[in-house]
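Only one structure is covered here, and it is reproduced in the block below.
As a basis for the values below, the full set of heavy atoms in this structure was taken, side chains included, without hydrogen atoms, waters or symmetry mates. So that the names make sense, note that chain A is the first sequence line, chain B the second, and so on, each numbered from 1.
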Amino acid sequence: MREADALTLPVFFKHPVGLTVGEIATLTGAELRTGARLDDLITNVAPLNRAGSSDLAFLDTAKYAGVLTSTRAGACLMTERFENQAPSGMNVLRAKEPYRAFVIVARRLFEDSLRPSSLFEAEGVPSTAAIHPSAQVAIGVTIDPGAVIGPRASIGAGTVIGANAVVGADVRIGRDCSIGPGASIIHAIVGDSVIFHPGCRIGQDGFRYLAGANGHTKVPQLGRVIIGDHVEIGAGTTIDRGGSGDTVIGEGTKIDNLVHIAHNVAIGRHCIIAGQCGLAGSVTLGDRVMLGGQVGISDHLVIGDGAMIGAKSGVVSNVPAGEKWFGYPALPGRGFLRAMAVLRKHATRARKAP
Amino acid sequence: MREADALTLPVFFKHPVGLTVGEIATLTGAELRTGARLDDLITNVAPLNRAGSSDLAFLDTAKYAGVLTSTRAGACLMTERFENQAPSGMNVLRAKEPYRAFVIVARRLFEDSLRPSSLFEAEGVPSTAAIHPSAQVAIGVTIDPGAVIGPRASIGAGTVIGANAVVGADVRIGRDCSIGPGASIIHAIVGDSVIFHPGCRIGQDGFRYLAGANGHTKVPQLGRVIIGDHVEIGAGTTIDRGGSGDTVIGEGTKIDNLVHIAHNVAIGRHCIIAGQCGLAGSVTLGDRVMLGGQVGISDHLVIGDGAMIGAKSGVVSNVPAGEKWFGYPALPGRGFLRAMAVLRKHATRARKAP
Amino acid sequence: MREADALTLPVFFKHPVGLTVGEIATLTGAELRTGARLDDLITNVAPLNRAGSSDLAFLDTAKYAGVLTSTRAGACLMTERFENQAPSGMNVLRAKEPYRAFVIVARRLFEDSLRPSSLFEAEGVPSTAAIHPSAQVAIGVTIDPGAVIGPRASIGAGTVIGANAVVGADVRIGRDCSIGPGASIIHAIVGDSVIFHPGCRIGQDGFRYLAGANGHTKVPQLGRVIIGDHVEIGAGTTIDRGGSGDTVIGEGTKIDNLVHIAHNVAIGRHCIIAGQCGLAGSVTLGDRVMLGGQVGISDHLVIGDGAMIGAKSGVVSNVPAGEKWFGYPALPGRGFLRAMAVLRKHATRARKAP
């Protein structure tokens, strides 16, 4: 076995039964090139340059078309224009969006990868989990060892609670959620099909004090965290509960690792928030907002629907819907990059000057 | 019930017995407007626009004074100048600092919000906690399931140790502390009334190596973390122990989520450190220093008493006491913003030039 | 006892038996000044200004030479040029690299500080750990209470697994590793002598979706995390597994706290990555790369062997081997600092202009 093959063996997932080339065409709506063998079995996905005879690959850019001369992939999804360059023995599947079709197949082959499952391969509730007698755990919930579930908490059917995860008193978790190992969820109401990755921290106190010369007085944080359906929350990410109102994460929003979301933030639907972003208190994000990594947004600002903020930007004013901002402080469009280019020119001149 | 009411119901806290309007006046030192009903009962706090007949609100800025025409709040703390605009049926409490008075009432109504309590509503020590036989756990300590307490560790009376939290060998924790779920505290000496939020990491090795062409050699990290009384440490925050001396967090200092504090840092009293700040090795902060979110401070720098550093600044030189710095690299006063304004003008000109 | 002495007492480590001055000379290759007492016992290390009669200190810079007049250190490693300024009663050890020699002695005195040990001072496997029957735990593994080890996981001899740490199904951990309290390791293959600090998160899903107007579709993350020998990973750091290939951390690389490493990142050997850095998807780092704190690197970029990136830089283009870059956006050499200096001058002029 070649080392490259070893690298792509899905040792951490169930070996898929596989799909035939014909089934893949049906599943994705792809058209088969003449000569394709409908009964060939595909059991894995791989990049075109590493794929073997039972792997499915994809090609959607001329940049990698050269690989077609040497690839050993059993089947490949591609746009029509590459079809004639493909080896004659390869099963070619014509698709308008090859990558999208490829992902559809990968999701079908590896259904157990779509949300984290019990890492103990447990079923039901183990004796080592501490479930408060008043908690309501639905039939069909899986709980890994060491998990703790507080009084009156309710857990919907199909949900998996990871090893040493903690769910606080009165928390409501919906159906088919996945809570990673070591995560803690308190003061929260959670929808269905939400994924919490390992070690995320939901619902603790927001950071609010009355400043004083002899010390700062804690302001009670009485609100909650409300999380919509199909939200995903990254490893180590922290979401504080609201002060008086709530902190809200809208349906379908995806949040990466080590993000900090402060109290009373309201995030719309289907936003994408990359790693290590920080949203200060009472920030509002519209729907479909995208934040690059390490972005910071000052408190009480409003970012409009569909706005995009470039990585590492520091946003200090409201951003209108649909605009792209970048920089520190963030400016619209290419303003910051243009400014830095001017700066660089000045600097070069300064260095050359006698 | 209106949805807005539902949002503010304190489901995660004990329903308060409530305070009468007269008791609130006594508690805060506020003066009652003529006609106030001393026996009216207040059982919750809310923003002026969402408050109902048993809620206390506050008003301290003309910006929200318009809400007075429509509010249904049972009572409102306000400065004198708004008094005549308030509905005649509302209990008006005159206060010089309405928000401060409001917080005092909120703290009294929701005493259980002032520090995290047992999320298992446990009392005493459960059988599922692993307490080393040589650990000294005072009477009146509450420990949640799955907590681990190492040899010779001592835990002061009134302290609550959260689910799956870990306290290492020889650690000393004072009285009335609260350790959140999943936190770990090793190599540390901790004062009284300290709050550790979920998943914070205290006392692990600092990041120090002797660099070498064939690998880096770990430098032993022999110091400790010393934490003063009334300190609060955010979720996921990491504080490394000292290398030879100690890492010190002064009394009353408040640290937000996902902050990184390196070995041998010395932080003074009553500082405020917002989310995702990073303090490199041997940084010194005076008393009452305030850092905005995502600030970075280079190693060995000294930030003087009462200095304020704007969000996302990168500090590469010492900052004198009382100064306000901002930017990357950070500059005093409005220097960085002014510089960026100049830059923006240049950039605009460059774009317009033929 | 003076307070300063109390500060350096290694209460969290075993009291060393100690080394004689003669043994230290042999161990480090240092030469003894005439009059040195070979049998004097050294039991601790300390900074020159705080060292007592049984402590070893070091001196390698003129900046601290003045301390020689008042120090009470029992022995001091120093370069030859300071030798005559040292008190006549002090044991002086001449070394070309005094700090390196000092670290060698500290490592010998405090061998238990070189990697985190069981905080429960446990040996073997406690009944409170949940070890799946199919897991392969070698003889000589130490497991603290509350740890969870999944099906078919293998743990090499000499490895210590901290309290409430979690090792997922099929994970392979080598020999003499140390896994901190509350850490989670899934979908990973780990070499020997690797240190995972508390709460780090290894192997969860990468952050990849097919964007769509009605929601984002999760792309299966089928790869692994591969970690070489002698790697060290900081508290709270997150390393996502690969999407199709693997995320790879090369031998001897040291990673600080709260770093985020995205899917398919490839890091070379002996790199140093300071706190809160973020590496976006598919970034490649060569060997011996050094990143300052809070650096961000955009996806798919390549940082060449031995390159150094200054703290808080935002890297948006490839960096050639051996170069030093700094700034946001990062520029080679002192380009960014020079640019900011020009800017500051402009800003000052703008302020002075009428």
Engaged part of [X] at the chain C interface, taking heavy atoms whose separation is under 4.5 Å:
{"X": "B/V259", "value": "backbone"}
{"X": "B/A165", "value": "backbone"}
{"X": "B/I131", "value": "backbone"}
{"X": "B/L331", "value": "side chain"}
{"X": "B/V315", "value": "neither"}
{"X": "B/A183", "value": "neither"}
{"X": "B/R208", "value": "side chain"}
{"X": "B/N214", "value": "backbone"}
{"X": "B/V166", "value": "side chain"}
{"X": "B/A188", "value": "backbone"}
{"X": "B/S127", "value": "neither"}
{"X": "B/T217", "value": "both"}

Ion pair check, [X] and [Y], cut-off under 4.0 Å:
{"X": "C/R115", "Y": "B/D205", "result": "no"}
{"X": "B/R241", "Y": "B/D246", "result": "no"}
{"X": "C/R269", "Y": "C/D287", "result": "no"}

Supply the atom-to-atom distance [X] [atom1] to [Y] [atom2], rounded to the nearest 0.5 angstrom.
{"X": "B/R172", "Y": "B/R152", "atom1": "CZ", "atom2": "CZ", "result": "12.5 Å"}
{"X": "B/N264", "Y": "B/L279", "atom1": "CG", "atom2": "CG", "result": "12.5 Å"}
{"X": "B/I297", "Y": "B/L285", "atom1": "CD1", "atom2": "CG", "result": "5.0 Å"}

Chain B contact via [X] - side chain, backbone, both or neither, heavy atoms under 4.5 Å:
{"X": "C/Y328", "result": "both"}
{"X": "C/L114", "result": "both"}
{"X": "C/R108", "result": "neither"}
{"X": "C/D256", "result": "both"}
{"X": "C/R288", "result": "side chain"}
{"X": "C/T237", "result": "neither"}
{"X": "C/I255", "result": "backbone"}
{"X": "C/C200", "result": "neither"}

Between [X] and [Y], is any pair of side-chain heavy atoms under 4.5 Å apart?
{"X": "C/V103", "Y": "C/R107", "answer": "yes"}
{"X": "B/V219", "Y": "B/Y209", "answer": "no"}
{"X": "C/P181", "Y": "C/D144", "answer": "no"}
{"X": "C/F13", "Y": "B/L222", "answer": "yes"}
{"X": "B/I155", "Y": "B/I161", "answer": "yes"}

Could you tell me which of [options] has the largest number of non-hydrogen atom pairs under 4.5 Å with chain C?
{"options": "B/G278, B/G242, B/G150", "result": "B/G278"}
{"options": "B/G168, B/A211, B/A280, B/G215", "result": "B/G215"}
{"options": "B/Q204, B/H132, B/H216", "result": "B/H216"}
{"options": "B/S298, B/G296, B/G203", "result": "B/G296"}

What residue in C/P116, C/G199, C/G236, C/G275 has the most heavy-atom pairs under 4.5 Å with chain B?
C/G199

Most heavy-atom pairs under 4.5 Å with chain B, out of C/G292, C/G252, C/P198, belong to C/P198

When you check the side-chain N and O atoms of [X] and [Y], is any donor under 3.5 Å from an acceptor?
{"X": "B/Q221", "Y": "B/H263", "value": "yes"}
{"X": "C/E232", "Y": "C/H197", "value": "yes"}
{"X": "B/H260", "Y": "B/T238", "value": "yes"}

Sub-3.5 Å donor-acceptor pair from the side chain of C/K254 to the main-chain atoms of C/H230, do we have one?
yes

